[in-house]
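A short write-up of the structure that comes next.
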Amino acid sequence: MKGLTKRSDDFAGWYTDVILKAELADYAPTRGCMVIRPYGFGLWENMVVQLDRMIKETGHQNAYFPLLVPESFFQQESEHVEGFSPECAVVTHGGGKKLEENLMVRPTSETVICSMYAKWIQSYRDLPVLINQWANVFRWELRPRLFLRTTEFLWQEGHTAHATEAEAEDETLKMLDVYRVFAEEYMAIPVIPGPKTESEKFPGALRTYTIEGMMGDGKALQMGTSHNLGQNFSKAFNINFQTREGLREFVWQTSWGMSTRTVGAIVLVHGDDKGLVMPPRLAPYQSVIIPIWKDEAERAAVLPCVDQASKSLQGVRCKVDDREQYGLGWKFSEWEVKGVPLRVEIGPKDAASRQAVVVRRDTGAKQAIPLDRLGDEVRTLLGTIQREMFERAAAFREQQTRRVDEYETLKRVAAEEGGFIHAHWCGSAACEATIKEETKNTIRCLPLHRERESGRCVSCGAPSDGRVIFAQAY
RNA sequence: CGGGGCGUAGCGCAGUCCGGUUUAGCGCGCCUGCUUUGGGAGCAGGAGGUCGGUGGUUCAAAUCCACUCGCCCCGACCA
């Protein structure tokens, strides 16, 4: 692709170029906002279809709550207000008049939803409440980046209410695992699930769990979060219920979200110098057929083969690129930057031998496949690509991960190598802050299934019983 | 919000320092026609601009000055 910044030259510039040239998105006239273009939205829609299915399969129902939240509602949970106020947009006027009460544009929907839950929940028989909504939210970010951090973004936010603390914790972890499976099996991105530290948790939550992925430059990206809200919101919004025993209790809540940011993760993890590489299970087009001919005779020979190929690819999201105004090189480059997993070329030579030339986007590997086996082979190849993309990402993460025991080493690795650093940490916010200050690395999470290992905090030397993950984050 | 950079045709840029043969150019793209097609095709013709905005200096401003708006990159805050 001409004009595409090399990934190794300037990773950030490359990222922006890929998104623009692949036509995933474009800058909007509104500051900090972007337009998700049809190709990018097609990817998001495929993600939505799968994630939505998984959310429903775990017993949740979709609903929709309003974009605007009365300021007074928003202010009911103190930690929540403190965390979100700086990044909220506020509506002060409506219908040409100053409003009696300001309306917050939701940065997340806990408060409106809780106000409704207070109304809907009376008895233990009303529990659990398992609701999800697909929505847009606004966070006034100071430094926007396409997909990764935009003022408005799309996401899914689940909000549940339970009778017991244990049930809420189960729900929190269950949805975290839904995210893990989605990231690994659909996005082909290995992630590390685990709780956030106190300083990194969601404002108002008891505990926040995250799935952390490693991007192609070794930096970490939080790809989804699941919060155990405890009774913080139910107390603030008075969401109580009568137990079987006749007692009044506050519900235990969770919330969890995954956003369009993850589209950025797909670019950052799988992309290369030619552009995007789409994981087959989410790709808007899984294959593109490019017919080749230079006169009517060849066209007549090739077209039936294209039809046959196209028919044999039933069930594969396939596009036939028969645009005549573009040359072959142009088409190849275009579908490469867009990351279509498989390119199927059919020209006169192929037509003569009843075959197609199939080229993998991820490896560039090229092979001739007889037309009568094309459907099966393509389906198999798509599976192989999906699996190998995950394996490559996992191998890369492995290669960019260090175990470090000395603070000096941590500093050096953080400065010179980047990537994930597994190190001991005593659990104090002070050490966490010092390390962040001095190395730009933050604790991404305490891996859920980390091995018990006694050691000493890299910062203060106090005892620790397991390693945490440090990394520079997006 | 701090530091840096950039706003000139749809996109990418030159011209700005040192104001004046500049009628504001170039490449790509776009439109018309013909020829082309196994890795970004060729020829011919054509359309397209309040030089980000406002104000100032001057006989004369894309060019100098002031203010302003917007965007990008790097930090602090965040999904």
Side-chain angles (χ1 to χ4, degrees), chain A residues 1-5 10-17 20-21 26-34 82-88 107-108 135-157 179 196 199-203 208 210-213 220-227 255-265 274 290-296 298-299 302 321-337 343-352 355-357 359 364 366 368 436-437 440 442 444 472-474:
Chain A
M1 187 62 159
K2 280 180 185 160
L4 187 63
T5 303
D10 171 9
F11 196 82
W14 165 83
Y15 172 76
T16 305
D17 279 1
L20 262 20
K21 290 192 189 296
D26 201 354
Y27 291 103
T30 320
R31 182 193 177 85
C33 294
M34 66 172 178
E82 203 182 315
F84 279 109
S85 288
E87 47 184 333
C88 279
T108 178
N136 58 338
V137 287
F138 284 75
R139 296 185 189 176
W140 214 259
E141 298 296 345
L142 300 173
R143 202 181 136 199
R145 299 207 49 195
L146 294 168
F147 288 108
L148 300 176
R149 223 176 6 242
T150 46
T151 296
E152 179 183 12
F153 59 92
L154 305 182
W155 74 346
Q156 141 292 301
E157 49 180 325
Y179 290 155
K196 284 283 187 191
S199 71
E200 299 263 339
K201 79 174 171 54
F202 178 79
T208 288
T210 174
I211 51 168
E212 294 285 321
L221 183 74
Q222 178 172 306
M223 291 172 55
T225 46
S226 186
H227 316 291
S255 70
W256 25 273
M258 190 180 249
S259 74
T260 38
R261 163 179 265 196
T262 50
V263 171
K274 288 180 170 178
I290 302 184
I292 301 162
W293 60 65
K294 60 173 173 293
D295 55 41
E296 275 309 310
E298 289 187 357
R299 180 190 158 101
V302 167
D321 185 359
D322 55 2
R323 295 173 299 173
E324 303 207 18
Q325 66 270 39
Y326 293 107
L328 284 176
W330 175 276
K331 292 181 184 178
F332 291 173
S333 300
E334 176 169 350
W335 295 115
E336 277 166 359
V337 79
R343 179 174 80 228
V344 178
E345 303 170 20
I346 302 176
K349 291 178 219 159
D350 304 308
Q355 64 168 29
V357 173
V359 185
K366 198 180 271 201
K436 180 178 179 179
E437 177 74 21
K440 305 285 172 220
T442 51
R444 302 319 304 157
Q472 213 183 115
Y474 269 96

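Residue numbers begin at 1 in each chain, while the letters A, B, ... track the order of the sequences. We use all heavy atoms of the structure for the numbers below, so side chains are in, but hydrogens, waters and symmetry mates are not.
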What residues form a salt bridge (Lys or Arg N to Asp or Glu O under 4.0 Å) with [X], not counting sequence neighbours?
{"X": "Glu437(A)", "result": "none"}
{"X": "Glu298(A)", "result": "Lys294(A)"}
{"X": "Arg343(A)", "result": "Glu336(A), Glu345(A)"}

Heavy atoms under 4.0 Å is the rule here; annotate nucleotides 70-77 of chain B 5' to 3' with B where the base is hit, S where only the sugar-phosphate is, and - elsewhere.
-> -SSSSBBB

Between Gln222(A) and Lys196(A), the two heavy atoms sitting closest are OE1-CE, 2.8 Å

With Thr151(A) via side-chain hydrogen bond (donor to acceptor under 3.5 Å, both in side chains) - residues at least two apart | none

Name all residues meeting the side-chain hydrogen bond (donor to acceptor under 3.5 Å, both in side chains) criterion together with Ser259(A); count only those two or more places apart in sequence or in a different chain, and write none if there are none.
-> none

What contact category does [X] fall into here, base, sugar-phosphate, or nothing, at under 4.0 angstrom with non-hydrogen atoms?
{"X": "Gly257(A)", "value": "nothing"}
{"X": "Val137(A)", "value": "nothing"}
{"X": "Thr442(A)", "value": "nothing"}
{"X": "Ile290(A)", "value": "nothing"}
{"X": "Arg323(A)", "value": "nothing"}
{"X": "Tyr15(A)", "value": "nothing"}

Nearest-neighbour nucleotide for the Asp350(A) side chain, A79(B), G38(B), U37(B) considered = G38(B)

